[in-house]
Each structure stands twice: as structure tokens, then as C-alpha cells.
Amino acid sequence: GAVVSQHPSWVICKSGTSVKIECRSLDFQATTMFWYRQFPKQSLMLMATSNEGSKATYEQGVEKDKFLINHASLTLSTLTVTSAHPEDSSFYICSARGTGNETQYFGPGTRLLVL
Amino acid sequence: LAKTTQPISMDSYEGQEVNITCSHNNIATNDYITWYQQFPSQGPRFIIQGYKTKVTNEVASLFIPADRKSSTLSLPRVSLSDTAVYYCLVGRRGFQKLVFGTGTRLLVSP
């Protein structure tokens, strides 16, 4: 149980385009989902927290207009990187937490390369 | 959120027991301790979670002393596939977010 998937697993795009990453909880309802970014050899950095049906809460320094997060259902959250630039190239990881469950389960990650 | 401190790296050999200690001096009464494992280019994988004393599952044990200011993840008889980064995190019951520290990079050699 407690499986979280992400799609796509990797994406290459041109600078200036937008990229959408999906995060799904496959066998539980996720009232809260989180988005992280991880650069090579570094730890995970929390970008934002999203609760189903409400606006995401972004961490300091994360541009909400650049990283659009939607959590429209209890099993799906999406992260859209708008007008992507090479410096947005990174490994994006989502996690999900169900109701009454203190454990976060992570997706496999999405590798984004912006050319 | 309680800050955690772990060794940056550890080396071990196949078949040995590995103990990774995490310090969390500012842990609060309602905080739980959770350990994750991460392989390169993968999302973190939940290993174990505990509140006090000892917790054991099929892959690891978690030892938490009475003052709860530290915890030790114990991996019995490691194999090469246990080479990974291990993160210790502390958070309140129902906490909203996790803050990852640097983690401990474990290298298991033949």
C-alpha cells in the first residue's frame, strides 16, 4: 500500500515552454501533497504544500507564479513549471500524506532538463 | 520543526550491522522520528518511524532513548544494495511539512 506515482519520469523541454508534472496517490486518498526539488548531490528542498481543494502554500523563495500547483482531487496534484529556463533543470519529487496518517510517501521523481 | 544532525557519510562492509545516529536536541513532546532511504534518481523510501523506546520492522530497528534527543537507525547485515542516503526527520503528529537535512551517505563495500 501507500504508493505514489509521478508522470512523466523524465522530460526534456526547450527554454520558455511550460511543463506539467503529475503526482498521484494510487491506493489512498491524499489530503495533503508536497512538492520538493533536489539538485545533484544535495538534499530535498520543500517547494510547496498543497491541500485538496485549496491554494498551495509556498516556501520562502519559491515563485508561486512560476511553479503552479493544483490539487483538484484527493488523488492528484500537478506541478506546472511555467516558462522553464535551464536553471529550473532539477529532480522534482512529490509526496503524499493521507488523512490521519503521519507518514509521507514519496513518488519516484521527475527529472526535468531544460535546454 | 526540530533540527536534526547526522554524520555526513559512513562506510561499511557487506554483512555488518550499521548504526546511524541522529541528534535532535530540540525535539518536542508531540514529535515523531522518521527515517527515509534514498537511492540516486529516486524518491525517498519510508524505512521506519517511532516515538520512543524501540521500533522494529522487517528492514530496520529504531532505538530512541528516554530523553528522545537522539535516535539510532540500525540496519542488520547490510548488503551492497543498502548503499544510499539515509535521512532522519522529526515532526509533529499531523505535521504539515518535512524539512530534510543533509542525510547520511552510506557506502557498503564488498
Side-chain angles (χ1 to χ4, degrees), chain A residues 1-7 9-10 21 23-25 28 30-52 54 56-60 62 71 89-113, chain B residues 1-9 20 22 27-52 55 57-60 62 64 73 83-107:
Chain A
V3 178
V4 178
S5 70
Q6 283 184 240
H7 178 80
S9 56
W10 60 270
I21 302 170
C23 177
R24 293 181 185 272
S25 57
F28 67 101
T31 53
T32 306
M33 287 185 169
F34 306 83
W35 286 95
Y36 297 81
R37 181 167 53 180
Q38 185 175 35
F39 293 106
K41 302 292 185 182
Q42 295 186 21
S43 186
L44 284 77
M45 183 183 73
L46 179 66
M47 299 175 67
T49 302
S50 73
N51 293 297
E52 187 265 338
S54 61
T57 301
Y58 290 81
E59 294 298 302
Q60 190 173 10
V62 178
H71 191 166
S89 298
S90 188
F91 190 52
Y92 291 86
I93 308 169
C94 73
S95 70
R97 184 176 69 89
T99 303
N101 188 332
E102 291 69 43
T103 303
Q104 284 188 32
Y105 295 94
F106 287 80
T110 297
R111 177 77 58 190
L112 170 64
L113 176 61
Chain B
L1 294 170
K3 181 181 177 181
T4 59
T5 303
Q6 306 174 231
I8 296 295
S9 64
I20 305 174
C22 177
I27 190 169
T29 302
N30 293 330
D31 285 348
Y32 278 71
I33 301 156
T34 310
W35 285 80
Y36 288 87
Q37 174 193 56
Q38 187 183 28
F39 298 111
S41 296
Q42 293 187 28
R45 182 177 76 103
F46 171 82
I47 301 175
I48 198 166
Q49 184 179 74
Y51 182 79
K52 62 180 179 180
V55 180
N57 61 22
E58 62 276 9
V59 297
L62 178 60
I64 305 169
L73 174 72
T83 293
V85 178
Y86 292 82
Y87 293 98
C88 161
L89 295 107
V90 173
R92 287 175 179 73
R93 198 174 185 84
F95 58 87
Q96 281 295 302
K97 61 183 183 181
L98 292 172
V99 177
F100 280 77
T102 57
T104 297
R105 193 172 297 272
L106 173 65
L107 174 62

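Residue numbers begin at 1 in each chain, while the letters A, B, ... track the order of the sequences. Since this is a predicted model, take the numbers as computed values, not measurements.
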Name the region of A:Leu46, side chain, backbone, both or neither, that has any atom closer than 4.5 Å to a heavy atom of chain B. side chain
Where on A:Gln42 is there a heavy atom nearer than 4.5 Å to chain B: the side chain, the backbone, both, or neither? backbone
So do the side chains of [X] and [Y] get within less than 4.5 Å of each other, counting heavy atoms only?
X: B:Leu98; Y: A:Arg97; result: no
X: B:Val85; Y: A:Ser43; result: no
X: A:Gln104; Y: B:Leu89; result: no

Can you confirm whether or not the ring centre of B:Tyr36 sits under 6.0 Å from the ring centre of A:Tyr36?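 No, the ring centres sit 6.0 Å or more apart.
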Does any heavy atom of chain A fall under 4.5 Å from the side chain of B:Tyr87, the backbone, both, or neither of them?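 For B:Tyr87, the side chain is the part near chain A, not the backbone.
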If you look at every heavy atom in A:Gln38 and B:Gln38, which pair is closest and at what distance?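 The answer is OE1-NE2, 2.8 Å.
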